[in-house]
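Since the structure comes first, as C-alpha cells, the remarks are kept for the end.
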There are 2 protein chains.
Amino acid sequence: MTHGSSPSFPGHLQDTLVEVLAAVFTVRPTKDGGASLDVLLWQRGQQPDAGKWSLPGGMLLSAEDVDDSARRQLAEKVDLTRVSHLEQIGVFSAPHRMPDARTVATGFLGLVPLDADPSLPPDTAWHPVGALPSTAFDHGRIIDQAHRRLQAKLSYTNIGFALAPAEFTVAELRRIYATALGHDVDPTNLHRILLRRGMLAPTGTTGPRNPVGGRPAALHRFTIAELRVTDPFAAFRPRDAEGPTRQPPPR
Amino acid sequence: MTHGSSPSFPGHLQDTLVEVLAAVFTVRPTKDGGASLDVLLWQRGQQPDAGKWSLPGGMLLSAEDVDDSARRQLAEKVDLTRVSHLEQIGVFSAPHRMPDARTVATGFLGLVPLDADPSLPPDTAWHPVGALPSTAFDHGRIIDQAHRRLQAKLSYTNIGFALAPAEFTVAELRRIYATALGHDVDPTNLHRILLRRGMLAPTGTTGPRNPVGGRPAALHRFTIAELRVTDPFAAFRPRDAEGPTRQPPPR
DNA sequence: ACAAAAGTGTTCGCGCTACACCCATGC
DNA sequence: GCATGGGTGTAGCGCGAACACTTTTGT
C-alpha cells in the first residue's frame with residue numbers, strides 16, 4: 001500500500017511550480033483630506049496578461065520557507081523592507097490559474113505603516129482597494145481574501161499597530177481603522193477599547209497644534225509591535241479558566 | 001525587470017513537490033463511558049521515518065486543486081468518503097521538513113461525525129489527540145494547528161455540526177463539545193446559545209429511554225450542514241450595519 | 001413517593017455602543 | 001468671550017456564565 005506522503009509520484013508532478021504572492025496594504029491620505037486603503041501592484045509588461053496588474057511575489061527558492069520567501073521578494077522586487085506584518089492567507093491552486101505551467105500560489109496579507117511611504121520601482125504603484133484596475137490571473141481573489149482577513153482581525157487583535165505610524169493621535173488612528181474597515185468608527189470607543197486591552201499608551205507628549213484652534217491631541221503609540229489576539233471570544237468556556245487546557249476531556 | 005510571478009526560474013525549482021496532508025478529527029466514545037478526540041493516522045512501513053505515524057495525504061495531481069486533492073486522497077487511501085468538513089490550515093514549507101526531495105505541504109483540518117465510524121485499512125488507526133504516538137516529519141505541528149483551529153471555531157461558528165451525528169440529545173452534544181474543547185461545557189448554555197443562533201432545532205421525537213429512569217431527552221439536529229460564522233465579534237462596528245460594507249471610507 | 005436526568009427561568013457581570021458632557025487651545 | 005476639536009462620564013443593551021428550579025420519566 002502506498003498511501004500517504006511517500007515521494008513516489010507520476011512524472012507530470014515535476015511540472016508543479018510553487019510561488020508566493022503578497023497583498024500588501026497600507027492606508028494613504030488622499031488629496032481631498034480623506035484616506036484610502038491601497039494595495040501594492042505592478043503592471044505586467046509581457047504575456048500572459050500583459051498590461052494587467054499583479055501582486056508582487058515570485059518563485060519559492062529551495063533554501064527558504066514561504067514566509068521567508070515573501071519577505072525576500074518584497075525586499076528585492078518592490079524595495080519593501082519595512083513590512084510591519086505578514087501572514088499566510090491560503091493556498092490558491094486551481095489547475096489552470098496560470099495559463100502555462102501548473103503553479104500553486106501561497107497568498108499572504110502584508111501591512112505597511114502609514115508613515116513608511118517607500119520608494120517604488122517605476123512599474124509599481126499603490127491602488128485603492130475600492131477601485132482596482134484589471135488584475136492578472138486570480139490575484140483579485142487573493143486581494144479580496146486578504147482584505148477580509150484584515151477587516152476581521154482589526155476587531156479582535158491588535159493588528160492596527162501594523163497600519164499606524166509610530167506615534168499618532170486618536171483621531172488619526174480612527175481614520176486608519178475607518179478606512180481599512182470601510183465604515184465609520186467611534187473614536188471614543190476605539191480609544192478606550194484599545195486602552196483596556198492594554199494595546200495603546202499615551203506618550204505624554206502632545207500632538208500637532210491645529211491652526212484653527214481646539215484642544216491639542218495627545219499622542220499615542222501601540223505597546224506591542226507584533227500580532228496578539230486581544231479578544232478570545234471563547235464561548236462555552238468556564239470563566240476562571242485561562243488558556244485552552246489540553247487536559248483529557250471530562251468524565 | 002523580472003519581478004513578480006513570471007514563469008522564469010532557476011532550474012532547481014523543478015524539484016519542489018506539492019503534497020496535501022489532512023488532520024481528520026472525530027469524537028469517539030471510550031470504553032469507560034467517556035469520549036476522546038481522535039485523529040486519523042497511518043503507520044509508515046518504509047524509510048524515511050519508518051514506524052512513525054503519518055497524516056493521510058499525498059501528492060497534488062495536475063487536474064485538481066488542493067481541496068479536491070485532499071478529498072480524493074482521503075477517499076482513496078483511507079476510505080473516508082463522509083468527511084463533513086474540510087478546510088485549509090496553512091502551508092508547511094520548511095526547506096528540510098522532508099529529508100529527500102523538497103516538498104511543500106498544504107495542511108487541512110478534516111472532521112468526521114461521531115456516528116460515521118468508517119472501515120479503515122489495516123495500517124491505519126484513530127489516535128487520541130491527547131496521547132499521540134511518535135509522528136513523522138512535521139505532522140505533529142499540523143495536528144496541533146488543526147486542533148487549535150477546531151477549538152477556536154467551535155465557539156464562534158456552527159462547526160459542531162461536522163462532529164455530531166445526524167440526531168442527538170443535548171447531553172450527547174455537550175460531550176462532543178467538551179471532548180473537542182478539552183474542558184467542561186454547561187449543557188444549559190450550549191443548548192440556548194445554539195438555539196438563539198438558529199443552528200439547532202428539536203426534531204420533535206424523543207431520545208432513547210434511560211434504563212435507570214429520568215426524563216427522556218429530546219432529539220435535536222443542526223439546521224445547517226455547512227460552515228457558518230455565527231458570532232461576527234466585530235468591534236468598532238455601528239450596531240445597525242450588517243455585513244462589512246465595502247463602500248469608500250468616511251470623509 | 002423517591003431518584004435521576006432533561007430542560008427552563010433568573011440573576012449577575014462584562015464589554016461594547018451611543019451620546020451627552022467637560023477640557024484645552026486659538027482667535 | 002466663543003468656536004473648535006480632543007477627551008471623559010454614563011446609560012443602556014445584548015450576550016454568556018452560573019445555578020436554582022421545574023418537568024418527566026423509571027423503580
Side-chain angles (χ1 to χ4, degrees), chain A residues 33 154-156 167-175 177-178 181 183-220 229-242 251, chain B residues 33 154-157 167-175 177-178 181 183-220 229-242 250-251:
Chain A
L154 278 171
S155 63
Y156 70 91
E167 298 193 347
F168 47 85
T169 68
V170 173
E172 286 165 357
L173 189 63
R174 179 197 86 88
R175 268 257 301 272
Y177 270 73
L181 287 169
H183 61 73
D184 205 357
V185 169
D186 186 323
T188 300
N189 299 328
L190 177 65
H191 187 195
R192 268 179 322 186
I193 288 171
L194 291 179
L195 275 182
R196 170 169 41 209
R197 291 176 176 176
M199 295 295 111
L200 210 62
T203 63
T205 59
T206 177
R209 309 302 232 231
N210 192 321
V212 71
R215 175 173 172 174
L219 286 178
H220 293 257
V229 173
T230 55
D231 184 358
F233 54 80
F236 315 130
R237 193 167 67 176
R239 203 189 297 281
D240 49 6
E242 357 247 277
R251 294 217 49 177
Chain B
L154 278 171
S155 64
Y156 70 90
T157 73
E167 298 193 347
F168 48 85
T169 68
V170 174
E172 287 165 356
L173 189 64
R174 179 196 86 88
R175 268 257 301 274
Y177 271 73
L181 286 170
H183 61 73
D184 204 357
V185 170
D186 186 323
T188 301
N189 299 328
L190 177 65
H191 187 195
R192 269 179 321 185
I193 289 170
L194 291 178
L195 275 182
R196 170 169 40 206
R197 291 177 177 177
M199 294 297 111
L200 211 61
T203 64
T205 60
T206 176
R209 307 303 231 232
N210 192 320
V212 71
R215 175 172 172 173
L219 287 177
H220 293 257
V229 172
T230 55
D231 184 358
F233 54 81
F236 315 130
R237 195 168 67 177
R239 203 189 297 282
D240 49 6
E242 358 248 275
R251 291 220 49 179

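Order of the sequence lines fixes the chain letters, A, B, ..., with proteins taken first and strands second; residue numbering starts at 1 for each chain. Heavy atoms only: backbone and side chains are in, while hydrogens, waters and symmetry mates are out.
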Does the side chain of [X] reach to within under 4.5 Å of the side chain of [Y], using non-hydrogen atoms?
X	Y	answer
A:Leu219	A:Thr206	no
A:Val185	A:Arg175	no
A:Asp184	A:Arg174	yes
A:Arg237	B:Ser155	no
A:Phe236	B:Leu190	yes

Rounded distance [0.5 Å steps], CG in A:Leu173 versus NE2 in A:His191: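 Interatomic distance, A:Leu173 CG to A:His191 NE2, rounded to 0.5 Å: 9.5 Å.
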
Value rounded to 0.5 Å, distance of CD1 in B:Ile193 from OG1 in B:Thr230: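 Result: 9.5 Å between the selected atoms.
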
Parallel, tilted or perpendicular: ring planes of A:Phe168 versus A:His220, cut at 30 and 60 degrees: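 Taking A:His220 first and then A:Phe168, their aromatic rings lie parallel (interplane angle under 30°).
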
DNA chain D-proximal residues of residues 186-194 of chain A, any heavy atom under 4.0 Å: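 Here the set is A:Thr188, A:His191, A:Arg192.
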
May I have the distance from [X] (atom [atom1]) to [N] (atom [atom2]), rounded to whole angstrom?
X	N	atom1	atom2	result
B:Arg175	C:dA5	CZ	C1'	14 Å
B:Leu200	C:dT8	CG	P	12 Å
A:Arg196	C:dC16	CZ	C1'	7 Å
A:Met199	C:dG15	CE	P	14 Å
A:His183	C:dT17	NE2	C1'	13 Å
A:Leu195	C:dG15	CG	P	14 Å
A:Glu172	D:dG5	CD	P	15 Å
B:Phe233	D:dG16	CZ	C1'	16 Å

Those residues that, when tested against B:Thr157, pass side-chain contact (heavy atoms from CB on, under 4.5 Å) (two or more places apart):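 Checked B:Thr157 against side-chain contact (heavy atoms from CB on, under 4.5 Å); matches are B:Lys153, B:Ile159, B:Leu227, B:Val229.
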
Proximal nucleotide (of D:dG16, C:dT17, C:dG7) relative to the B:His220 side chain: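 Closest nucleotide among those given: C:dG7.
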
Residue-phosphate contact under 4.0 Å: A:Arg237 side-chain N/O, D:dG16 OP1/OP2: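 So the side-chain polar atoms of A:Arg237 never come under 4.0 Å of the phosphate oxygens OP1 or OP2 of D:dG16.
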
Contact nearer the 5' end of DNA chain D, comparing B:Arg197 with A:Val170: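 Of the two residues, A:Val170 wins.
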
Sub-3.5 Å pairs of nitrogen or oxygen atoms, protein against nucleotides 21-25 of chain D:
residue: D:dT23; atom: O2; partner: B:Arg215; partner atom: NH1; Å: 3.1
residue: D:dT24; atom: O2; partner: B:Arg215; partner atom: N; Å: 3.1
residue: D:dT25; atom: O2; partner: B:Gly214; partner atom: N; Å: 3.0

